Amino acid sequence: MASFSAAVAQFSRVSPTLTLLHSHSHDRLFHSQCRPFFLSRPSHSLRKGLTLPRGREAPSTTVRASFTDVSPSVSLEEKQLPKGETWSVHKFGGTCVGTSQRIKNVADIILKDDSERKLVVVSAMSKVTDMMYDLIHKAQSRDESYIAALDAVSEKHSATAHDILDGDNLASFLSKLHHDISNLKAMLRAIYIAGHATESFTDFVVGHGELWSAQMLSLVITKNGADCKWMDTRDVLIVNPTGSNQVDPDYLESEQRLEKWYSLNPCKVIIATGFIASTPQNIPTTLKRDGSDFSAAIMGALFKARQVTIWTDVDGVYSADPRKVSEAVILKTLSYQEAWEMSYFGANVLHPRTIIPVMRYGIPIMIRNIFNLSAPGTKICHPSVNDHEDRQNLQNFVKGFATIDNLALVNVEGTGMAGVPGTASAIFGAVKDVGANVIMISQASSEHSVCFAVPEKEVKAVAEALQSRFRQALDNGRLSQVAVIPNCSILAAVGQKMASTPGVSASLFNALAKANINVRAIAQGCSEYNITVVVKREDCIKALRAVHSRFYLSRTTIAMGIIGPGLIGSTLLDQLRDQASTLKEEFNIDLRVMGILGSKSMLLSDVGIDLARWRELREERGEVANVEKFVQHVHGNHFIPNTALVDCTADSAIAGYYYDWLRKGIHVVTPNKKANSGPLDQYLKLRALQRQSYTHYFYEATVGAGLPIVSTLRGLLETGDKILQIEGIFSGTLSYIFNNFKDGRAFSEVVSEAKEAGYTEPDPRDDLSGTDVARKVIILARESGLKLELSNIPVESLVPEPLRACASAQEFMQELPKFDQEFTKKQEDAENAGEVLRYVGVVDVTNEKGVVELRRYKKDHPFAQLSGSDNIIAFTTRRYKDQPLIVRGPGAGAQVTAGGIFSDILRLASYLGAPS
């Protein structure tokens with residue numbers, strides 16, 4: 001009984017009415033305990049809170065108890081509060097004071113701060129606030145485990161105190177702790193009996209965590225010889241509840257109370273409780289979400305401090321959520337407006353209201369990491385006047401990006417809305433009536449529709465309210481629909497320098513388009529501090545990474561899947577390995593191989609395969625090959641905005657997937673000729689899709705290995721030239737064979753030599769048949785605008801008719817010498833005429849046909865001057881009619897082919913935003 005009496009007396013100091021608990025008239029014990037502690041005349045609200053037995057009046061006496069060390073009745077010489085830059089304000093969150101060692105670390109930071117005066121705002125120890133709320137929940141649920149839970153709270157603080165305090169300081173704190181715990185037990189018992197606690201009572205209970213951490217820290221600092229006092233901010237900070245779980249500070253009243261407090265407690269270091277405050281009626285309350293940060297900002301404004309430092313467990317404010325964008329960077333500075341915008345859109349910066357008090361006086365906020373004191377942190381302040389140099393770089397226009405998930409779009413649409421005053425008011429009035437929060441609004445100037453975003457959990461109530469409010473308009477056709485688009489996310493780009501800077505929006509939307517992201521709604525205020533877009537929820541991280549990459553805040557990153565780790569594929573992987581660091585450091589290109597797919601097994605990685613060990617990793621961790629799973633893995637990594645599949649096979653089945661991959665936003669790079677030389681309708685469908693989207697399809701290596709054949713042809717066409725004929729030696733294998741088929745050598749001998757040197761396919765008939773050359777001819781013919789099928793190209797096969805049915809390559813090679821005489825005669829006839837034999841492909845654009853055949857050329861012809869396995873292609877055009885444009889170089893070999901594929905990959909990176 002005495003304990004409960006003390007508890008209520010303690011609370012009465014801040015709550016004269018004590019309307020804390022709903023009554024249960026049947027519970028006599030509760031009434032008998034509570035009757036003596038009504039400390040003023042029962043008001044209507046009091047009677048509602050606790051029912052009094054008839055005929056009994058509550059005592060009119062008022063009991064007060066103070067938490068402060070100095071009672072107002074004590075006569076002291078009053079000292080004026082000094083304000084201004086002599087003060088620095090620090091705020092330490094629960095993690096920062098979560099253990100005894102961390103409290104010591106905080107004390108060291110405070111003592112090492114060379115500011116003349118310091119005010120330190122502290123939260124409750126880590127998890128304590130949650131534990132206090134849990135006490136309330138258990139008590140009002142009539143769960144007796146609240147007693148053990150309170151004992152755990154007590155033990156946590158007692159153990160901490162024993163670690164950091166000693167002597168009189170320890171005894172003094174433990175005495176206060178025991179007193180508080182006894183009072184809390186009595187209060188929680190009353191809640192247990194009533195089965196309910198009001199918000200005021202809850203705020204009073206949970207605020208004890210801050211009281212205890214502030215007292216312990218102040219005693220540690222005092223022990224080190226500093227002039228230090230602790231402040232119960234309920235004596236100073238006065239706030240007015242405004243609804244919507246927010247409060248407004250009363251700066252005038254708070255300032256007066258602060259000056260009174262300081263006059264009674266003059267000191268150099270003040271340790272103040274965060275999170276808690278009082279109403280004008282002296283009822284305890286809290287500053288709600290991020291309340292300790294808000295406390296520090298308010299105190300900074302009241303003291304007109306030089307700086308407010310918020311100590312956290314991160315190095316500063318990131319350009320994007322580092323959990324979603326691994327390359328997010330720490331921002332050195334942010335303007336108040338930028339921090340405000342980013343925090344509104346979900347960035348882990350500060351609550352927007354934290355910025356308001358300090359912005360009024362231009363007080364900078366520093367975000368620092370208590371666990372990494374070497375990190376300079378992020379400074380939030382007014383932007384510098386001279387920022388001309390910053391404006392030279394596009395990335396400085398956008399400071400960062402933030403996202404909000406789990407939203408839905410509501411679209412109210414109809415021709416009857418245009419020009420009708422009050423429509424928007426009616427829409428948002430209905431939304432307000434159901435208590436929904438509107439995150440973003442977008443309206444076209446035609447006034448035909450209004451679109452806005454709300455939390456997904458509230459959209460059903462919003463839609464029903466609008467359907468009800470506009471039922472008549474919907475029935476009459478003045479409104480056509482109230483549509484809900486679920487599964488949305490908001491992406492916001494924030495930057496004060498975006499204002500009046502041309503090209504920022506273009507860069508943002510270009511990045512989204514290239515990542516194949518569809519934008520559902522757009523909003524931008526006239527202040528231009530942010531551009532907000534709504535995208536599909538599943539596209540949100542991909543969109544975030546794409547725009548972040550576009551503004552150079554992270555590398556241009558491409559998730560790649562390599563299909564076919566044979567001779568060409570393995571050579572490409574080795575080239576990627578050798579160039580990876582150079583591409584990152586010099587060109588900001590990050591090519592991450594997320595998977596390698598072979599015919600039987602595949603290797604997958606969530607972060608990128610170590611290309612120095614890909615062969616052994618494939619042996620150790622390879623799994624059964626599955627194309628669908630492989631593609632889903634490589635493309636499904638939303639941390640990387642761009643996906644490219646590199647097909648190094650000659651498989652028509654793999655080529656058959658290209659259309660679906662491109663349609664899904666996956667870029668394709670390949671030397672595989674099957675897609676572009678396959679059925680004409682499929683080729684045209686593929687190219688049409690490529691032109692309609694921002695998804696890229698590169699296939700330079702299909703024709704000339706590492707030679708720029710396709711790009712040269714495109715360059716001629718795009719600049720207005722007219723192609724007349726393309727003639728060339730397209731096969732490095734056949735070039736080698738006919739360059740060495742001379743001086744009396746047998747044809748079969750040269751073919752065998754080419755096979756042993758690795759120039760031919762495992763079965764040389766694949767080269768000698770001319771089909772590979774025909775595919776290259778049909779590709780160039782189609783690039784030139786001819787609609788030809790592969791069957792339209794006459795092909796002279798070099799495989800003797802009787803040997804085409806040989807069961808194996810070995811059998812073919814054994815039988816080939818029988819036909820040497822036939823080839824020797826052709827070679828001798830050419831030699832006698834002063835000519836050479838060359839196997840060529842020809843695209844006759846003028847006559848709309850193509851041919852692949854063995855031709856003879858004079859020895860002074862460019863085609864006769866080749867050596868080794870070189871290719872040569874001659875473009876005869878309207879501009880290059882008399883002297884054809886010649887492209888010549890190595891046309892076979894794993895190194896040059898892989899190099900051609902690599903060149904296409906880098907061209908893709910350039911298209912996606914890498915510096916050129």
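None of the values given here were measured: they were computed from a predicted structure.
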Between [X] (side chain) and [Y] (backbone), is there a donor-acceptor pair under 3.5 Å?
X      : Y      : value
Ser449 : Val412 : no
Asn530 : Ala492 : no
Lys399 : Glu338 : no
Ser903 : Gly899 : no
His635 : Trp661 : no
His548 : Phe401 : no
Glu700 : Gly900 : no
Glu341 : Tyr529 : no
Asn518 : Val535 : no
Thr643 : Ala559 : no

Please tell me whether [X] and [Y] have a donor and an acceptor in their side chains that are separated by less than 3.5 angstrom.
X      : Y      : result
Asp647 : Tyr658 : yes
Tyr318 : Thr378 : no
Tyr336 : Gln496 : no
Tyr659 : Arg663 : no
Tyr911 : Asn642 : no

Compare every heavy atom of [Y] with every heavy atom of [X], then report the nearest pair and how far apart it is.
X      : Y      : result
Val462 : Val434 : CG2-CG2, 4.0 Å
Ala898 : Thr571 : CB-CG2, 3.8 Å
Ala655 : Asn672 : CB-ND2, 4.2 Å
Ile901 : Pro671 : CD1-CG, 3.5 Å
Leu512 : Val533 : CD1-CG2, 4.2 Å
Ala426 : Phe470 : CB-CZ, 3.7 Å

>> Which residues pass the side-chain hydrogen bond (donor to acceptor under 3.5 Å, both in side chains) test with Thr719, not counting sequence neighbours?
In response: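 Checked Thr719 against side-chain hydrogen bond (donor to acceptor under 3.5 Å, both in side chains); matches are Arg879.
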
From [atom1] ([X]) to [atom2] ([Y]), nearest 0.5 Å:
X      : Y      : atom1 : atom2 : value
Arg621 : Ile609 : CZ    : CD1   : 7.5 Å
Asn626 : Leu597 : CG    : CG    : 8.5 Å
Arg545 : Cys540 : CZ    : SG    : 14.0 Å
Met342 : Ser319 : CE    : OG    : 7.5 Å
Asn406 : Arg537 : CG    : CZ    : 4.5 Å
Leu409 : Asn487 : CG    : CG    : 11.0 Å

> Does the side chain to side chain contact (heavy atoms under 4.5 Å, CB included) test come out yes or no for Ile439 and Val454, once each step is laid out?
Replying inline: CA-CA 6 Å; Ile439 308 295; Val454 296; 5.7 Å; no

> For the residue pair His667 and His696, does the interplanar ring angle fall in the parallel (under 30°), tilted (30 to 60°) or perpendicular (over 60°) class?
Replying inline: parallel

> Between Thr670 and Tyr697, is a side chain to side chain contact (heavy atoms under 4.5 Å, CB included) present by the stated rule, with each step listed?
Replying inline: CA-CA 8 Å; Thr670 184; Tyr697 174 40; 4.0 Å; yes

> Is the count of non-hydrogen atoms from other residues, nucleotides or ligands lying under 6.0 Å from Glu623 atom CD greater than 12?
Replying inline: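 Count over threshold, so yes.
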
>> Are the side chains of Lys787 and Arg782 in contact, using a 4.5 Å heavy-atom criterion?
In response: no

>> Working note: Asp539 + Lys542, criterion salt bridge (charged side-chain N to carboxylate O under 4.0 Å, His left out); need CA distance, chi angles, decisive distance, verdict.
In response: CA-CA 5 Å; Asp539 288 339; Lys542 183 180 177 183; 5.5 Å; no

> Is Asp590 salt-bridged to Arg592, going by a charged N under 4.0 Å from an acidic O?
Replying inline: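 A salt bridge links Asp590 with Arg592.
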
>> Run Met440 and Val534 through side chain to side chain contact (heavy atoms under 4.5 Å, CB included) and show every step you take.
In response: CA-CA 9 Å; Met440 188 204 84; Val534 178; 3.6 Å; yes

> Do Arg907 and Phe698 meet the cation-pi criteria used here (NZ or CZ under 6.0 Å from the six-membered ring centre, within 45° of the axis)?
Replying inline: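 So Arg907 does make the cation-pi contact.
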
> Would you say the ring centroid of Phe630 lies under 6.0 angstrom from that of Tyr657?
Replying inline: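 No, ring centres 6.0 Å or more apart.
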
> Can you check side chain to side chain contact (heavy atoms under 4.5 Å, CB included) on Val410 and Leu466, steps first, answer last?
Replying inline: CA-CA 10 Å; Val410 180; Leu466 291 172; 3.7 Å; yes

> Stepwise, does the salt bridge (charged side-chain N to carboxylate O under 4.0 Å, His left out) test hold for Asp405 with Lys324?
Replying inline: CA-CA 13 Å; Asp405 295 321; Lys324 298 176 180 178; 3.5 Å; yes

